[in-house]
Amino acid sequence: MIVLVAYGSSGGGTGELAGWIAEELRDSGLEVQLSPAGEVGDAGHYGALILGSAVYATGWHPDVRRFLSHHGGQFAGKPVWLFSSGPLDTSADEGRLPPGHHAQEAVRELAAREHVTFGGRMTGEARGWLGFLARRMAREGHAGDFRNPDRVRSWARDVAAQIHSYPAS
Ligand SMILES: Cc1cc2nc3c(=O)[nH]c(=O)nc-3n(C[C@H](O)[C@H](O)[C@H](O)COP(=O)(O)O)c2cc1C
């Protein structure tokens with residue numbers, strides 16, 4: 001089966017994180033398509049989904065929300081995992097954070113096996129609308145990279161193992 005790893009990202013941090021996940025899945029022998037959520041065409045041929053979003057103002061990225069309304073139905077009965085990347089501190093690594101409202105809805109609609117929150121990244125170097133807000137947040141001391149590649153990769157290896165044992169798992 002082909003596994004789709006799709007993500008919504010404005011500053012690139014979640015996209016890179018999705019790339020780590022795709023790498024681990026490929027290393028385990030799976031065939032993987034890595035794609036921004038806004039660029040996915042027909043999704044019917046994918047056998048499993050890992051969908052992740054940056055969190056802005058407590059919500060999921062608009063590309064991910066559009067992906068869900070256009071393609072969510074095509075993953076009925078297929079294994080789905082979800083992740084958010086947001087907190088600009090170490091809270092995501094210190095314990096399981098509750099899913100935000102969009103993540104909760106998606107867990108329900110897709111009957112997802114799991115939702116996990118990973119730390120986020122924000123630099124003062126972002127451009128456009130994001131740059132303006134990011135620079136302000138950076139001045140307030142919120143900049144930094146709180147993604148944890150080891151944790152992300154270890155989660156991805158666990159997901160890969162579950163996909164390999166599907167449908168038995
Ligand atoms: C304007 C703004 C609002 C944000 N709001 C939240 C939020 O509500 N919750 C959260 O966990 N992270 C929030 N973040 C942090 C982002 O989710 C984090 O920087 C994330 O890694 C961005 O991912 P991206 O680079 O893929 O766009 C916010 C960041 C910015 C710049």
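Counting convention: from 1, in listed order, for ligands and their atoms alike.
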Trainee: Please list, chain by chain and in numerical order, all residues satisfying side-chain contact (heavy atoms from CB on, under 4.5 Å) with R108, sequence neighbours excluded.
Mentor: E105
Trainee: List the atom pairs, with distances to 0.1 Å, where a side-chain N or O of residues 43-62 and a protein N or O form a donor-acceptor pair under 3.5 Å, not counting sequence neighbours.
Mentor:
residue, atom, partner, partner atom, Å
S53, OG, H61, N, 2.8
W60, NE1, S84, OG, 2.9
H61, ND1, D63, N, 3.1
H61, NE2, S10, OG, 3.0

Trainee: Could you pull out all donor-acceptor pairs under 3.5 Å where a side-chain atom in residues 22-29 meets a protein atom, sequence neighbours excluded?
Mentor:
residue, atom, partner, partner atom, Å
E23, OE1, R153, NH1, 3.1
E23, OE1, R153, NH2, 2.9
E24, OE1, R157, NH1, 3.3
E24, OE2, R153, NH1, 2.9
R26, NH2, V32, O, 3.2
S28, OG, L25, O, 2.7
S28, OG, H164, NE2, 3.0

Trainee: List, pair by pair, the atoms of ligand 1 and of the protein that are both N or O and lie under 3.5 Å apart, giving the separation rounded to 0.1 Å.
Mentor:
residue, atom, partner, partner atom, Å
ligand 1, 5 (N), A57, N, 3.0
ligand 1, 8 (O), A57, N, 3.4
ligand 1, 8 (O), T58, N, 2.7
ligand 1, 11 (O), P87, N, 3.2
ligand 1, 12 (N), G86, O, 3.3
ligand 1, 14 (N), V55, O, 3.2
ligand 1, 17 (O), V55, N, 3.4
ligand 1, 17 (O), V55, O, 2.4
ligand 1, 17 (O), S85, O, 3.4
ligand 1, 19 (O), R121, O, 2.7
ligand 1, 21 (O), R121, N, 2.8
ligand 1, 21 (O), R121, O, 3.3
ligand 1, 23 (O), T14, OG1, 3.2
ligand 1, 25 (O), G11, N, 3.3
ligand 1, 25 (O), G12, N, 3.3
ligand 1, 25 (O), G13, N, 2.9
ligand 1, 26 (O), S9, OG, 2.5
ligand 1, 26 (O), G13, N, 3.4
ligand 1, 26 (O), T14, N, 2.8
ligand 1, 26 (O), T14, OG1, 2.7
ligand 1, 27 (O), S10, N, 2.8
ligand 1, 27 (O), G11, N, 2.7
ligand 1, 27 (O), Y56, OH, 2.5

Trainee: Can you hop from L110 to V107 via hydrophobic side chains spaced under 4.5 Å?
Mentor: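 Result: yes, single cluster for both.
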Trainee: In the single-linkage hydrophobic clustering (I, L, V, M, F, W, Y; side-chain heavy atoms under 4.5 Å), do W81 and V64 co-cluster?
Mentor: no
Trainee: Might you confirm whether atom CZ of R151 has over 12 heavy atoms from other residues, nucleotides or ligands at distances under 6.0 Å?
Mentor: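 For R151, atom CZ is crowded (more than 12 foreign heavy atoms under 6.0 Å).
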